[in-house]
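Have a look at the structure below, then the notes.
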Amino acid sequence: MSTDSRSVLSLRGLSYRYPDGTAALEDVSLDLREGERLALMGPNGAGKSTLLLHLNALLDGDGNLEVDGMALSKATVRTIRQKVGLVFQNPDDQLFCPTVFEDVAFGPRNMGLPDTEVERRVHGSLQAVGLDGFERRNPAHLSIGEKKRAAIATVHAMRPLVFVLDEPTGNLDARGRRGLLDLLLSLEGAQIIVTHDLELVRAVCSRVLVMGAGRIVTEGAVPDILADPAKLEVWGLA
Amino acid sequence: MNLDFLDRYVGLDSPVHRLDARVKVLVVLMCLSLWVTTPPGRWIPLGFALLLLVGAAVLSRVPLRYLLARSLPAAGFVALMAVLAPFRPGGEVLVRLTPAVAVSEEGARLYAAVISKAFLSVAAVVLLSSTTSFATILEAMERLRLPRTLVMIVSFAYRYLFVIVEETLRMKRARDARLFGGRWLWHSTVIGRMIGTLFLHSYERAERVYQAMIARGYDPGIRPRQAQPLSSGDLAVLIAVPVGVLGSRLLPWLAGCR
């Protein structure tokens, strides 16, 4: 990754408290460059998923978010949601339509695209995730691996600049996981991946950001961070 | 778990399957309202309805046995609900059970009418759902300009039915695996808590689903889809069937006019 490539997402000093007053995030900052794949790691309850919701302005803590040079505001929120594609941890939350086609078409339709373009994107995105011919299937009846792919397709069809994925290999068997790693490597666009899967981080990501108790504990290149087993244990990653 | 049997015959190809879903939904709705409002004792409209249904079923190649098997239970249920109807006073007494309780002619006629209307109505809806996928019915409802929120509620109910049934089964297994037993008071407490848990889970899921919708740019005000025009065949069915059904209702009056 060249260091002079363009910044696509930058978050500065994000703090967030749950409605009951508990601090969930404190002074979190991160930068993502074009095409970069960043792993976001840390023990359960570290605030990773809460952070992801902020990247799509679904929660509004204090701090500054800038996507593709555009600061988050009422006027830019829809564009930012299109540019930052959020793939939820549980595909049953993301696939809420009666057919796979409708689910993948949901985002592009909300973008106001004409029907022919929507159809073109649905087929293209299903092909990109390896689910050609699944258009008429009911998402409820897909396997967990197929659901994860379909969930990625629903975001892919919106042509985001950044994919934000919450535990994309969670609950997958060995083969499903390998297939998903290949899919992540084939996606165009930067990625922020929340995961506990060290193999995924080694295979897919170039940089790691480690969180603990709502703060960023450390960050660095994948080989440096994953080199020391003793530290991994301290950070709650192994 | 698989509830695919709901869609078993949707994949067939027939003139009924090819008919525009909007036409099918409208025709079924109009037929239902005409049948349900037929006064008891008027058998010609109901006989015509039966002919119409059998004809449509044969044309659609959905097996009649399947339609019967799916519609009769509903008629049986209605038969049970309306079991007091035959004892309504009115007309000649057909069977006297006790001095105070008797089956009247008018009551029997009402009972027969209620059951046959229930059967016909359910059979029509079963035929609709056997020749049109659920997704297409929803699309038709949206194109018929039904409120989008209503269509989405129906759509979510269909989508998450499977998820909730599966969750219930998992909870039931987890409960039974820990030797669930004992007295009914304990049973009802546990079942009450399970229902509460299911409700909370569904409520939380609803929040996550809504976030997933917002994340993909959902805006309740948008009506994104353009409707396609109906073909002349679609229009012909849309007009001919309700006119026929209405005609069967008005037959005595039409005959009286001559």
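Quantities reported herein were computed from a predicted structural model and do not represent experimental measurements. Letters A, B, ... are given to chains in the order of the sequence lines, protein chains preceding strands, and every chain is numbered from 1.
When each of B:Arg208, B:Arg159, B:Arg216 is paired with A:Asp93, the salt bridge (Lys or Arg N to Asp or Glu O under 4.0 Å) condition holds for B:Arg208 and for no other.
Heavy atoms closer than 4.5 Å to chain B are found in both the backbone and the side chain of A:Gln94. Contact annotation for A:Phe88: only side-chain heavy atoms (C-beta onward) come within less than 4.5 Å of a heavy atom of chain B.
Using bins of under 30°, 30° to 60° and over 60° for the plane-to-plane angle, the ring pair B:Tyr218/A:Phe106 lands in the parallel bin.
To the nearest 0.5 angstrom, A:Thr99 atom OG1 is 9.5 Å from B:Leu138 atom CG.
Counting heavy atoms from C-beta outward, A:Asn110 and B:Met213 have side chains that stay 4.5 Å or more apart. Side-chain contact between A:Glu102 and B:Ser155: absent, with no pair of heavy atoms (C-beta onward) separated by less than 4.5 Å. A:Asn138 is listed as a side-chain neighbour of B:Phe162, based on a closest heavy-atom distance under 4.5 Å.
Identified by a heavy-atom distance below 4.5 Å to chain B, the contributing residues of residues 52-67 of chain A are A:Leu53, A:Asn56, A:Leu58, in residue-number order. Using a 4.5 Å heavy-atom cut-off against chain B, the contacting residues of residues 149-160 of chain A are A:Thr154, A:Met158.
Counting heavy-atom neighbours within 6.0 Å of A:Arg17 CZ, excluding the residue itself, gives a total of 12 or less. Around atom CD of A:Glu117, more than 12 heavy atoms belonging to other residues, nucleotides or ligands sit under 6.0 Å away. The environment of CE in A:Met70 is crowded: more than 12 heavy-atom neighbours from other residues, nucleotides or ligands sit within 6.0 Å.
Contact between B:Tyr160 and A:Asp92 at its shortest, heavy atoms only, is OH-O, 2.6 Å.
Heavy-atom pairs under 4.5 Å with chain A peak, among B:Ala206, B:Ser133, B:Ala212, B:Ala135, at B:Ala212.
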